[in-house]
Visitor: 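Have a look at the structure that comes next, please.
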Amino acid sequence: MSVGCKNYNFREIEPFWQKKWLEGKTFRAENESEKEKYYVLDMFPYPSGAGLHIGHPEGYTASDILARYKWAKGYNVLHPMGWDAFGLPAEQHAIATGQHPSTNTEKNIDRFREQIQSLGFAIDWEREVDTTDPNYFHWTQWIFLQLFKRGLAYVDDKPVWWCPELRSVLANEEVINGRSERGDFPVERKNLRQWILRITRYADRLLEGLKFIDWPDSTKRQQIAWIGRSEGVELNFEIAPSGPKISVYTTRPDTLCGVTFLVLAPEHELVEPIITPENREKIREYINSAKRKSDLERTDLAKDKSGVFTGSFAKNPLNGELIPIWIADYVLISYGTGAIMAVPAHDDRDFEFAQKFNIPIKRVIASVGDSKDGKVLASGNLPFCSEGILVNSGEFDGLATEEAAKKITENAERLGFGQRAVKYKLRDWLFSRQRYWGEPIPILWIERKHYDRALAEKKAYFADKIPANVVSHKKDGLEWCAIPIPEEQLPLKLPETEIYLPSDDGESPLVHAKQWLNIFVNLKTGEIAREGKENFVSAIRETNTMPQWAGSCWYHLRYLSPNYGKGLVDPKAEAYWKSPDFYIGGAEHAVLHLLYARFWHLFLWDIGAISVAEEPFTKLFHQGIILGSDGQKMSKSRGNVVNPDEVIRQYGADSLRLYEMFLGPLEAMKPWSTQGIEGVYRFLKKVWVLFIDGEGKAKIFPEKDDPGVDQLLNETIKKVTEDIEALRFNTAIAQMMIFVNGAQKIGISRQTAVSFLQLLAPFAPHVAEELWLRLGEKFPISRAKWPIFNASKLVKNDRKIMLQVNGKVRDEILVDDGASREEVERIAWQRSRFMAFLEGKEILKKIYIPGKILNIVLGR
RNA sequence: GCCCAGGUGGCGGAAUGGUAGACGCUGAGGACUUAAAAUCCUUUGUCUGAAAAGACGUGCGGGUUCGAGUCCCGCCUUGGGCACCA
C-alpha cells in the first residue's frame with residue numbers, strides 16, 4: 001500500500017511513510033544478530049522550549065544517510081535518539097512558572113520527538129533514553145558512587161567560579177574569559193564546599209588515548225592544549241639567610257643563572273612567614289586588592305603587571321646569588337608550585353615585570369647568528385625567548401639550550417636542589433551544582449563520631465563503599481562525613497519542593513525539602529527513616545546536584561540496552577555493539593562533553609563495568625554551522641532564523657534533508673539560502689515525473705538502456721557510494737542531479753530507475769520509498785541490496801585529448817580509448833588550427849599524459 | 001601574541017599537479033498559457049570583438065614545474081581555538 005497522490009505531494013507521502021516505519025519498527029536494531037553491526041551516534045539534543053533548530057537536522061541527516069546506507073549494505077544498524085534533558089533552561093522555566101521542571105521537560109521532549117520524527121530518520125525509537133528518567137539516572141548515580149568509592153570524588157571548599165546571575169558554580173571549562181559559557185554572564189571567585197572529580201588522575205591517559213582515535217585534528221589539539229602537559233623541573237630556592245625553601249617549577253632550567261627575582265602568587269603559603277615587618281602593611285594591602293579583583297580583571301588587565309616586594313631574598317641554588325622575592329598576581333596559585341623563578345631576559349612576562357619595577361635583567365642565552373666564519377653569538381633584543389647558547393652561566397657557558405637544560409637538571413638532582421616534574425593545566429572537574437534540576441548526588445552526611453564508630457564495629461553497610469581517606473567537611477563545629485546511599489536504594493529521586501530558585505549564597509533549592517533533607521539512617525543496614533529510632537543516627541542528605549554533563553557521559557552505553565536493570569549496560573549488548581562506529585555532533589563540545597565522557601568511559605573500563613573499548617568514540621565528526629542567509633549566526637535579534645517546521649511545511653522533509661546536505665561540505669560553515677532549497681525541491685519533482693505518469697502510475701519504461709545511460713548510471717553508483725563513505729554528501733547529490741538531467745533527456749529502463757531510487761533513498765527516503773513501491777518493489781527500500789557499479793561500463797569509447805602549447809590549451813581532439821601516443825600525435829599534426837601555433841618554432845619537448853593531454857614545449 | 005582552518009563567478013560551492021568554475025541558485029531571452037504559477041529550452045567569469053577568436057582570471061607578491069586553485073617562501077585578510085600555565 002502506498003499513497004494515492006498523482007503529483008509529488010510530500011504532505012501525503014511523508015507522514016504516511018513515517019508512520020509505517022515507526023509502527024512497523026523498520027529500523028529496530030537487534031541485540032542478537034548474525035549480521036555485522038554498525039552503530040551511528042548523534043550527540044543527543046537538549047530539548048529546549050524553542051523546539052528544533054535548523055542546525056539539528058544537519059548532523060542528524062548526515063548520520064541518517066550513513067545509517068540507511070549501512071542497512072542497505074546488509075548491516076544491523078543502531079541509530080538511536082535520546083534527550084539530554086537536565087539543565088538550566090527547564091529550571092528557569094520552573095522558577096518563573098512555579099511548575100515542576102519535569103512537566104515542561106516532558107512537553108519539550110514530546111515536541112522534539114515529533115519534530116525529529118517529521119524528518120523521517122531511521123531511528124530505533126524503542127531505545128529512546130532520557131537523562132531525567134529515574135531508570136536512567138539510577139546508573140548515573142551508580143557511576144558517581146563508584147567514583148566516590150575509589151577516591152575520585154571528593155569535597156573541597158577551595159575558591160570556585162560562581163556566577164551570580166545563574167546562581168550557580170561553574171566548571172573551569174564552562175568559564176570563558178571571565179564569563180559563563182552559558183548566558184555570557186560575569187563570574188567571580190567564591191569559596192564554597194563542592195564535589196570535585198579527580199579527572200587529573202586521568203590526564204596522561206586522556207592524552208595518550210587521543211593518539212589512537214580518528215577525530216578531527218583541531219579537536220584533538222584542543223584537548224591536548226586543555227590537558228596542557230608540560231615537562232620541567234622543580235627547583236628549590238632557600239630563603240636567605242637560612243629559611244624554608246621555595247619550590248618553583250620551570251621548563252627552562254637552562255636559564256637558571258639568569259634568575260633575578262622570584263615571584264610568589266598572592267595566595268602562596270610562604271607569603272606570610274617571609275614578610276619583613278616594614279613591608280607588612282603594603283603587602284597585606286596588595287593581597288587584599290588581588291583577592292578583590294575578579295579573575296576577569298586579573299586576566300583582562302594582564303598587560304599591566306602589578307606586584308610588591310616582600311623584603312626577603314633567596315639564594316640561587318646554582319651560583320649562590322641573592323635574589324629578591326616578590327609577590328605578584330601574574331603568578332597563579334593553581335598551576336605548578338604557585339611560585340616562579342623569574343628570568344626577565346628570556347621571558348616576556350618576567351621582562352615586563354622587571355622593567356616596571358626596575359629589577360635587573362641578566363642575559364644568559366645568546367642567539368646564534370650566521371657569519372662568513374660560520375655560527376657566531378649575537379646579542380640582539382631582549383627578551384629573547386627562543387633557543388640559543390648559554391653565556392654568563394659559569395661552567396655551562398657555550399652549551400646549547402637543550403644540552404644545558406639537561407646538565408643543569410642532572411646537577412639539581414645530584415646536588416638535591418631539584419627534580420624533574422610533569423605538570424598539567426587540566427584541573428579537577430567541579431562536579432556539583434546548586435540547582436534543583438539535576439541528578440541528586442546519592443550521598444548522606446553523618447557526624448564523624450558515628451562514622452568512626454560504625455567502621456570500628458566492622459558492621460557498617462558502607463565499609464567497602466568509601467574511599468581510603470574520609471570525605472568530610474566541617475559545619476557548625478562538627479565534622480560531617482560522606483557515606484554512600486546503599487546501591488539498592490538507587491535511583492535517588494528529586495524531592496518535591498515549591499522553591500526552585502537557588503539561594504544567592506550558594507545553597508541548593510533542595511535544602512527547602514526539609515523532610516527529605518533531614519533523615520535517620522541505620523549504619524548497619526543502610527535503612528533510612530523519617531523518625532529517629534534505635535540503631536539509627538541522624539543524617540543530612542547532600543543537596544547539590546550533578547552538572548548537566550553527567551548524563552551525557554555515558555548515554556552511548558545506555559542505548560545498547562536501555563531497559564537493562566542489573567547494570568548500566570548489558571554485557572552481551574556491549575559485546576555485540578562495542579563502541580559507536582561513527583559519532584557526529586557540534587565542535588563546541590571539544591573540551592567539555594568529549595573530555596568528560598572519555599574520562600568516565602576510561603573509569604568504567606578500569607573498574608570493569610565495561611569491557612570492550614577503552615575509548616568511547618573512535619570516529620568523530622563535527623558538522624559545520626548553518627548561518628542565516630545574511631551570513632551571520634542565526635539569532636532571534638537578527639531576524640535571520642530559519643524554522644525547520646516551516647521549511648518542512650513548504651517543501652517537505654526530503655527537500656530539507658537534501659538541501660542541508662547540498663549546501664556545502666558537511667564540516668563547513670555555510671549560509672542558508674531561501675532560494676537554494678527551491679533547487680533541490682525541483683530536483684525531487686523531476687525525479688517524480690521521471691517515474692510517474694499523470695495518473696499517478698509508474699511509467700512504462702523501455703526494455704533496454706541506451707549505452708549512454710548505462711554509463712551514466714554506473715558513474716552515479718560509483719560516485720554516490722564513494723561520496724557517502726567519505727561523507728561528501730554535497731557532491732553525491734550533484735551527481736544524482738546530473739543523472740536525472742541525463743535520464744530526463746534519454747529515458748531509462750525500469751532496472752536503472754530502481755537502482756537510482758536506491759541511491760536516492762538515504763538522502764530523500766520518503767519519496768524514494770513511495771516511488772519504489774509504485775514501481776512494484778518490495779518494502780522497505782533500505783533493505784534492498786545496495787547497487788554495485790560495473791567497472792567495465794565506466795570505460796568510455798573515445799577520449800578527448802587536450803592539445804597544449806607551453807601548457808596552454810589550444811585545441812582538442814577525440815581519439816579512440818586505446819589510442820597510442822603516436823596515433824594521438826599523428827592526429828594532432830593534422831589539425832591546422834593547432835599547427836598554426838607551432839609554425840616556425842623549435843619544438844623542445846613533447847609531453848604526453850595518456851588519455852588526457854599532449855603538451856608541446858616550444859623554444860623562444 | 002601563539003596555534004589551526006579558510007580566501008575560487010552576482011551567490012552556495014566543484015576540481016588525484018593536467019580542460020578552472022561541475023551541480024544548484026540568481027539574472028537575461030524564449031516556449032507553453034487568456035494570464036499567472038509550475039514546467040521546458042537557450043544563455044549567464046571579466047575584457048576586446050559583428051563574429052571567428054583572443055587576452056585576462058582561483059586574496060596579494062615571489063618561486064618550483066612543460067603545466068599551479070592545488071606544491072614551496074613572504075605578506076594581507078576572514079573564521080575558530082588558546083591566552084599571564086612559567
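Below, read A as the first sequence line, B as the second, and so on, with proteins coming before strands; counting in each chain starts at 1.
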Visitor: How far, in whole Å, is B:G10 from B:U43 if one measures between their C1' atoms?
Guide: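 So the two C1' atoms sit 15 Å from each other.
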
Visitor: With the side chain of A:Thr250 defined as its heavy atoms from C-beta on, choose the nearest nucleotide among B:A86, B:U19, B:C23.
Guide: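 Closest nucleotide among those given: B:A86.
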
Visitor: Could you tell me whether the phosphate oxygens of B:A86, OP1 or OP2, come under 4.0 Å of any side-chain nitrogen or oxygen in A:Tyr330?
Guide: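 It does not, given that no N or O in the side chain of A:Tyr330 lies less than 4.0 Å from OP1 or OP2 of B:A86.
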
Visitor: Tell me which nucleotide, if any, is Watson-Crick or G-U wobble paired with B:C2 when both distances must be under 3.5 Å.
Guide: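 Base partner found: B:G81.
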
Visitor: Provide the distance between the two P atoms, one in B:G18 and one in B:C72, to the nearest whole Å.
Guide: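 15 Å, rounded to whole Å.
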
Visitor: Do any N or O atoms from the side chain of A:Asn640 and from the backbone of A:Ser629 form a donor-acceptor pair under 3.5 angstrom?
Guide: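 Checking the backbone N and O of A:Ser629 against the side chain of A:Asn640, no donor-acceptor pair under 3.5 Å is found.
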
Visitor: Is it possible for you to check whether A:Lys846 lies under 6.0 Å from the centre of the six-membered ring of A:Trp829, through NZ or CZ, and within 45° of that ring's axis?
Guide: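 Yes, A:Lys846 and A:Trp829 form such a contact.
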
Visitor: Would you mind classifying the nucleic acid contact of A:Arg728 as base, sugar-phosphate or nothing, using non-hydrogen atoms under 4.0 angstrom?
Guide: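 It contacts nothing in the nucleic acid.
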
Visitor: Taking only N and O in the side chain of A:Lys686, is any of them less than 4.0 Å away from OP1 or OP2 of B:U39?
Guide: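 Answer no for this pair, as no side-chain N or O of A:Lys686 is under 4.0 Å from OP1 or OP2.
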
Visitor: What is the distance, to the nearest angstrom, from the CD atom on A:Glu812 to the P atom on B:G18?
Guide: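 Spelled out: CD on A:Glu812 to P on B:G18 is 18 Å.
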
Visitor: Quick check with a 6.0 Å cut-off and a 45 degree axis cone: is A:Lys305 positioned over the face of A:Phe353's six-membered ring?
Guide: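 Judged by the rule, A:Lys305 and A:Phe353 form no cation-pi pair.
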
Visitor: Which part of the nucleic acid does A:Glu234 contact within heavy-atom distance under 4.0 Å: base, sugar-phosphate only, or nothing?
Guide: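 Nothing, no nucleic acid heavy atom in range.
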
Visitor: Let me know the distance between CD of A:Gln623 and P of B:A5, rounded to the nearest Å.
Guide: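 Those two atoms, CD and P, are 21 Å apart.
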
Visitor: Could you let me know what B:A55 is paired to, Watson-Crick or G-U wobble, both distances under 3.5 Å, or none if it's on its own?
Guide: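 Across all strands, the one nucleotide that pairs with B:A55 is B:U46.
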
Visitor: I'd like to know if the side chain of A:Lys845 pairs up with that of A:Asn855 as donor and acceptor (distance under 3.5 Å, no hydrogens or angles considered).
Guide: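 The criterion, which ignores hydrogens and geometry beyond distance, is not satisfied for A:Asn855 and A:Lys845.
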
Visitor: Please work out whether B:G81 sits syn or anti, treating a glycosidic angle within 90° of 0 as syn.
Guide: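 Judged by the O4'-C1' to base torsion, B:G81 sits in anti, the angle falling more than 90° away from 0.
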
Visitor: Taking any heavy-atom pair under 4.0 Å as a contact, classify A:Lys423: base, sugar-phosphate, or nothing.
Guide: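 Touches nothing.
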
Visitor: Could you tell me which nucleotide pairs with B:A37 by Watson-Crick or G-U wobble geometry, both distances under 3.5 Å, or answer none if nothing does?
Guide: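 WC or wobble partner does not exist here.
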
Visitor: Can you work out whether A:Val680 or A:Val591 has the more 5'-proximal nearest nucleotide on RNA chain B?
Guide: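 The answer here is A:Val680.
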
Visitor: Mind checking A:Leu663 for me? I need base, sugar-phosphate or nothing, with any heavy atom below 4.0 Å counting as a touch.
Guide: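 It contacts sugar-phosphate atoms only.
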
Visitor: Work out how far the P atom of B:G61 is from that of B:G69, and round it to whole angstrom.
Guide: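 Approximately 14 Å lies between the P atom of B:G61 and that of B:G69.
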
Visitor: If you take the centroid of each ring, where Trp contributes its six-membered ring, are A:Phe357 and A:Phe309 closer together than 6.0 Å?
Guide: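 Judged by ring-centre distance (under 6.0 Å), A:Phe309 and A:Phe357 do not meet the cut-off.
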
Visitor: What is the distance, rounded to the nearest whole Å, between atom NZ of A:Lys220 and atom C1' of B:A5?
Guide: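 The distance from NZ of A:Lys220 to C1' of B:A5 comes to 17 Å, rounded to the nearest Å.
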
Visitor: What contact category does A:Lys846 fall into here, base, sugar-phosphate, or nothing, at under 4.0 angstrom with non-hydrogen atoms?
Guide: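 The residue A:Lys846 makes no contact with any strand.
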
Visitor: What's the closest nucleotide to the A:Lys745 side chain, out of B:C41, B:A86, B:A53?
Guide: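 Within the option list, the nearest is B:C41.
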
Visitor: With A:Tyr659, which of A:Trp672, A:Tyr651, A:Phe763 fulfils ring pair (Phe, Tyr, Trp, His ring centres under 6.0 Å)?
Guide: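 Considering A:Trp672, A:Tyr651, A:Phe763, a ring pair (Phe, Tyr, Trp, His ring centres under 6.0 Å) with A:Tyr659 is found only for A:Trp672.
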
Visitor: So, is A:Lys808 near the phosphate of B:C56, with a side-chain N or O under 4.0 Å from OP1 or OP2?
Guide: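 The answer is yes; a side-chain N or O of A:Lys808 sits under 4.0 Å from OP1 or OP2.
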
Visitor: Apply the side chain to side chain contact (heavy atoms under 4.5 Å, CB included) test between A:Gln623 and each candidate in A:Glu660, A:Glu667, A:Glu58; give the one that qualifies.
Guide: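 Option passing the side chain to side chain contact (heavy atoms under 4.5 Å, CB included) with A:Gln623: A:Glu58.
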
Visitor: With respect to the phosphate group of B:C66, does any side-chain polar atom (N or O) of A:Lys845 fall under 4.0 Å of OP1 or OP2?
Guide: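 For B:C66, OP1/OP2 do have a side-chain N/O of A:Lys845 under 4.0 Å.
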
Visitor: Does A:Ile738 reach a base, just sugar-phosphate, or nothing at all? Heavy atoms under 4.0 Å.
Guide: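 If one applies the 4.0 Å heavy-atom cut-off, A:Ile738 turns out to touch the sugar-phosphate alone, with no base involved.
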
Visitor: Nearest whole angstrom, please: distance from the C1' of B:C4 to the CD of A:Glu667.
Guide: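 For the pair A:Glu667 CD and B:C4 C1', the rounded distance is 15 Å.
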
Visitor: I'd like the P distance from B:U70 over to B:U58, given in whole Å.
Guide: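 Straight-line distance between the two P atoms is 9 Å.
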
Visitor: Using a cut-off of 6.0 Å, state whether more than 12 heavy atoms not belonging to A:Glu725 lie near its atom CD.
Guide: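 Buried by this count: over 12 neighbours within 6.0 Å.
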
Visitor: Has A:Lys245 got more than 12 heavy atoms of other residues, nucleotides or ligands less than 6.0 Å from its NZ?
Guide: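 Not more than 12 within 6.0 Å, no.
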
Visitor: Of the options B:U19, B:G18, B:G12, whose atoms approach the side-chain atoms of A:Lys670 most closely?
Guide: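 Of B:U19, B:G18, B:G12, B:G12 is nearest to the side chain of A:Lys670.
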
Visitor: Please state how far atom CD1 in A:Ile733 lies from atom C1' in B:A22, giving the value in whole angstrom units.
Guide: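 Going from CD1 in A:Ile733 over to C1' in B:A22 covers 14 Å.
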
Visitor: Taking the C1' atom in each of B:G45 and B:G12, what is the distance between them to the nearest angstrom?
Guide: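 Roughly 16 Å separates the two C1' atoms.
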
Visitor: Find the distance A:Met661:CE to B:G12:P and express it as a whole number of Å.
Guide: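 Rounding to the nearest Å, CE of A:Met661 and P of B:G12 are 19 Å apart.
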
Visitor: Does any part of the side chain of A:Tyr202, heavy atoms only, come nearer than 4.5 Å to the side chain of A:Leu426, both counted from C-beta?
Guide: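 Contact flag for A:Leu426/A:Tyr202 side chains = no.
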
Visitor: Name the nucleic acid region contacted by A:Asn730, choosing base, sugar-phosphate or nothing; use a 4.0 angstrom heavy-atom cut-off, strictly under.
Guide: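 It contacts sugar-phosphate atoms only.
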
Visitor: Could you work out which one of B:U39, B:G24, B:U26 sits closest to the side chain of A:Phe662?
Guide: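 The answer is B:G24.
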
Visitor: What nucleotide, of B:U19, B:C25, B:C41, holds the atom closest to the side chain of A:Arg682?
Guide: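 The listed nucleotide nearest to A:Arg682's side chain is B:C25.
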
Visitor: How many Å lie between CD1 on A:Ile847 and C1' on B:G17, as a whole number?
Guide: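 Computing the A:Ile847:CD1 to B:G17:C1' distance gives 12 Å.
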
Visitor: Choosing from B:A86, B:C23, B:A14, which nucleotide comes nearest the side chain of A:Pro665?
Guide: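 Selected nucleotide: B:A14.
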
Visitor: Write down the distance separating the C1' atoms in B:A14 and B:C23, rounded off to the nearest Å.
Guide: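 Between the two C1' atoms, the distance is 7 Å.
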
Visitor: Students often get this wrong, so: under 4.0 angstrom with heavy atoms, is A:Phe837 touching a base, only sugar-phosphate, or nothing?
Guide: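 Answer is sugar-phosphate: A:Phe837 comes under 4.0 Å of backbone atoms only.
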
Visitor: Could you tell me whether A:Asn855 contacts a base, only the sugar-phosphate backbone, or nothing, with contacts defined as non-hydrogen atoms closer than 4.0 Å?
Guide: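 Counting heavy atoms under 4.0 Å across all strands, the contact made by A:Asn855 includes a base.
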
Visitor: Considering every strand and a 4.0 Å limit on heavy-atom distances, what is the contact class for A:Ser334: base, sugar-phosphate, or nothing?
Guide: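 Nothing, no nucleic acid heavy atom in range.
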
Visitor: Which part of the nucleic acid, if any, lies within contact of A:Asp350, taking any heavy atom under 4.0 Å across all strands shown: a base, the sugar-phosphate backbone alone, or nothing?
Guide: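 Nothing, no nucleic acid heavy atom in range.
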
Visitor: May I ask which nucleotide in the shown strands pairs with B:C11, Watson-Crick or G-U wobble, both distances under 3.5 Å?
Guide: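 B:G24 is the nucleotide pairing with B:C11.
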
Visitor: Give one of base, sugar-phosphate or nothing for A:Gln804, where a contact means two heavy atoms less than 4.0 Å apart.
Guide: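 Base contact.
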
Visitor: Closer to the 5' end of RNA chain B via nearest nucleotide, is it A:Asp347 or A:Asn806?
Guide: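 Its nearest nucleotide lies further toward 5', so the answer is A:Asn806.
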
Visitor: Does B:C3 have OP1 or OP2 sitting under 4.0 Å from an N or O in the side chain of A:Ser218?
Guide: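 No.
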
Visitor: Give one of base, sugar-phosphate or nothing for A:Met669, where a contact means two heavy atoms less than 4.0 Å apart.
Guide: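 If one applies the 4.0 Å heavy-atom cut-off, A:Met669 turns out to touch the sugar-phosphate alone, with no base involved.
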
Visitor: Taking atom types as they are modelled, is there a donor-acceptor pair under 3.5 Å from the base of B:C84 to the side chain of A:Lys305?
Guide: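 Per atom types, the contact qualifies.
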
Visitor: Could you give the distance separating B:U44 and B:U65 at their P atoms, to the nearest angstrom?
Guide: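 Comparing P positions in B:U65 and B:U44 gives a spacing of 37 Å.
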
Visitor: Roughly how far apart, to the nearest Å, are B:G7 and B:G59 at atom C1'?
Guide: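 That atom pair is separated by 6 Å.
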
Visitor: Please check the phosphate of B:A53 (OP1 and OP2 only) for any side-chain N or O of A:Arg810 closer than 4.0 Å.
Guide: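 A:Arg810 to B:A53 OP1/OP2: no side-chain N or O under 4.0 Å.
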
Visitor: Just how far, in rounded Å, is P of B:A14 from CD of A:Gln735?
Guide: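 One finds 15 Å between P of B:A14 and CD of A:Gln735, rounded.
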
Visitor: Taking OP1 and OP2 of B:U39, is either one under 4.0 Å from a side-chain nitrogen or oxygen of A:Gln744?
Guide: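 The answer is no; no side-chain N or O of A:Gln744 sits under 4.0 Å from OP1 or OP2.
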
